[in-house]
Amino acid sequence: MSTLSIKELVRTPIKLTSGHRLCAGCAESIIARQVLMAVDKPVVASSATGCFEVSTTIYPFSAWKIPWIHTAFANAAATASGVEAAYQGLKRKGKIKEDIKFVAFGGDGGTYDIGFQALSGMAERGQQVMYVCFNNEAYMNTGIQRSGATGFCASTTTSPAGSVVQGKTEYPKDLTMILAAHDIPYVAQVSPHNWRDLITKCRKGFECGGPAFINAVSPCSRGWRFAPENTINMAKLAVETCVWPLYECEDGKYNITAESKKIADGVQEKKPITEWFKAQGRYKHMLKPENAKLVEQCQADIDRRWKALITLSKI
């Protein structure tokens with residue numbers, strides 16, 4: 001697969017079928033199918049417990065057409081690491097000749113929080129696994145509880161907006177930058193609305209020769225409170241507001257991509273954070289006049305992170 005031809009991609013063997021039981025409008029299957037389109041070699045997948053796992057493997061059915069392993073909430077990266085290590089051992093002994101790729105999928109709860117130790121260990125050991133995070137900004141599978149990826153002031157079941165506290169009181173951790181700090185070959189942020197950018201980056205991740213981390217914004221209509229048919233528009237809006245800039249860090253070099261590059265170059269205007277808030281019910285409290293100061297704080301944080309990314313891309 002030398003070029004990204006949409007006609008060629010749709011003819012690639014299906015690795016994740018339709019008929020799964022993810023919610024209408026869920027971005028996770030869209031992201032996963034795009035990720036799997038990026039590899040034309042045998043591939044083994046590992047999935048942490050979560051929405052994606054329980055919905056694609058309702059016993060006795062499975063939506064997977066490739067070797068797939070279910071693992072616990074916290075150790076998708078560790079499981080994929082073990083399989084990759086076994087493969088490397090068998091390859092050294094000459095028992096396997098094929099070039100096999102390995103990918104792990106996890107939600108933000110199982111990646112940013114309880115699965116971070118396994119992910120960090122995989123990266124530190126230099127294992128040839130690509131880890132993909134479905135970042136829907138909460139523990140959606142267990143009841144929409146806040147996670148380390150949840151946005152500042154977002155209302156969740158464990159950080160509800162009320163008369164005293166206006167949603168989550170902490171800013172989200174920047175896990176993409178944290179993984180880049182592990183000095184691994186490839187790290188990137190992607191969005192399902194831009195399939196070309198996503199698949200291009202995943203190809204790089206699969207072929208980088210070491211650990212790779214792909215952080216994908218994954219809008220959740222149930223948890224974010226928007227109509228299911230607006231999933232792709234929501235993902236695009238995340239990029240346009242710079243809540244979720246598209247970029248990569250390849251061998252230590254930062255590169256802003258796609259729409260985010262247009263914004264950085266001044267070709268496209270960055271939308272204000274208020275557009276992001278207006279589109280989701282979890283932020284409806286932020287539209288009240290008394291929360292204007294919090295809106296300013298949110299915008300200031302987005303601007304700070306965006307300026308820092310632009311600076312890194314120029315080094």
Side-chain angles (χ1 to χ4, degrees), residues 15-36 45-64 68-80 103-119 130-151 154-161 167-168 170 172-173 175-176 190-192 213-232 234-235 238 244 280-283:
K15 302 178 181 72
L16 181 72
T17 70
S18 57
H20 52 71
R21 302 184 189 184
L22 287 163
C23 295
C26 180
E28 294 186 354
S29 59
I30 301 171
I31 295 165
R33 293 192 69 170
Q34 290 180 10
V35 169
L36 295 171
S46 167
S47 292
T49 297
C51 293
F52 191 54
E53 172 266 320
V54 300
S55 298
T56 58
T57 57
I58 301 294
Y59 183 81
F61 307 105
S62 174
W64 293 91
W68 174 86
I69 308 167
H70 168 224
T71 189
F73 218 148
N75 63 338
T79 298
V103 61
F105 294 99
D108 54 280
T111 306
Y112 277 61
D113 301 336
I114 59 178
F116 177 71
Q117 181 183 30
L119 175 57
M130 187 170 80
Y131 191 105
V132 179
C133 175
F134 299 122
N135 187 2
N136 52 34
E137 298 190 1
Y139 289 83
M140 299 303 181
N141 183 52
T142 55
I144 318 176
Q145 299 94 345
R146 56 86 81 198
S147 77
T150 305
S155 181
T156 72
T157 55
T158 52
S159 63
K168 188 186 174 192
E170 303 84 16
K173 67 178 75 168
L175 190 61
T176 310
V190 299
S191 168
F213 178 69
I214 304 293
N215 207 350
V217 63
S218 183
C220 173
S221 62
R222 181 71 181 87
W224 293 15
R225 304 290 193 258
F226 63 85
E229 62 269 24
N230 291 333
T231 297
I232 294 301
M234 194 64 63
W244 194 257
Q280 304 167 63
R282 63 176 177 158
Y283 285 117

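- Rounded to the nearest 0.5 Å, atoms CD (Q34) and CG (L16) are 12.0 Å apart.
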Just do the side chain to side chain contact (heavy atoms under 4.5 Å, CB included) check on Y112 and C133 with the steps written out, would you?
CA-CA 9 Å; Y112 277 61; C133 175; 3.9 Å; yes
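- R222 places a side-chain heavy atom less than 4.5 Å from the side chain of I144.
- Formation of a donor-acceptor pair under 3.5 Å by the D113 side chain with backbone atoms of G148 is found in this model.
- Checked by atom type and distance alone, the side chain of S46 pairs as donor or acceptor with a backbone atom of A76 at under 3.5 Å.
- The shortest heavy-atom contact between A78 and A118 is N-CB, 3.9 Å.
- T57 places a side-chain heavy atom less than 4.5 Å from the side chain of W68.
- Ring geometry, W64 versus F105: the interplanar angle falls from 30° to 60°, so the pair is classed tilted.
- The shortest distance between side-chain heavy atoms of R21 and F61 falls below 4.5 Å.
- The CD atom of E53 sits 8.0 Å away from the CG atom of N141 when rounded to the nearest 0.5 Å.
- Nearest heavy-atom pair across A48 and F73 is CB-O, 3.7 Å.
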With side chain to side chain contact (heavy atoms under 4.5 Å, CB included) as the criterion, how do V35 and V190 come out once you've worked through the C-alpha distance, each side chain's angles and the decisive distance to 0.1 Å?
CA-CA 10 Å; V35 169; V190 299; over 6 Å; no
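- Pairing each heavy atom of T231 with each of A27, the nearest pair is CG2-CB, 3.8 Å.
- Panel note: side chain S159, backbone Q145; no donor-acceptor pair is recorded below 3.5 Å.
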Apply side chain to side chain contact (heavy atoms under 4.5 Å, CB included) to Y139 and I114, showing your working.
CA-CA 11 Å; Y139 289 83; I114 59 178; 4.2 Å; yes
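- Proximity of P219 to I232: side-chain heavy atoms (C-beta onward) are nowhere separated by under 4.5 Å.
- Sparse packing is recorded around CD of Q117, with 12 or fewer heavy atoms of other residues, nucleotides or ligands lying under 6.0 Å away.
- By the 4.5 Å heavy-atom criterion applied to side chains, E137 and N135 are counted as neighbours.
- When atom types are taken as modelled, the side chain of S221 and the backbone of G25 share no donor-acceptor pair closer than 3.5 angstrom.
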Between I214 and M130, does the side chain to side chain contact (heavy atoms under 4.5 Å, CB included) criterion hold? Intermediate values first, please.
CA-CA 7 Å; I214 304 293; M130 187 170 80; 3.7 Å; yes
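- Here the CH2-CZ distance, from W224 to R282, works out to 5.0 Å after rounding to the nearest 0.5 Å.
- Nearest approach of S218 to N136, heavy atoms of both residues: O-CB, 3.0 Å.
- From T111, atom OG1 reaches atom CZ of F116 across 10.5 Å, with rounding to the nearest 0.5 Å.
- Using a distance-only test at 3.5 Å, with no hydrogens or angles considered, no donor-acceptor pair links the side chain of S47 to the main chain of H70.
- For the atom pair NZ of K168 and OG of S147, the computed distance is 6.0 Å after rounding to the nearest 0.5 Å.
- Judged by distance alone, the side chain of S191 and the main-chain N or O of V217 form no donor-acceptor pair under 3.5 Å.
- Note that OG of S29 and NE2 of H20 are 3.5 Å apart. Values are rounded to the nearest 0.5 Å.
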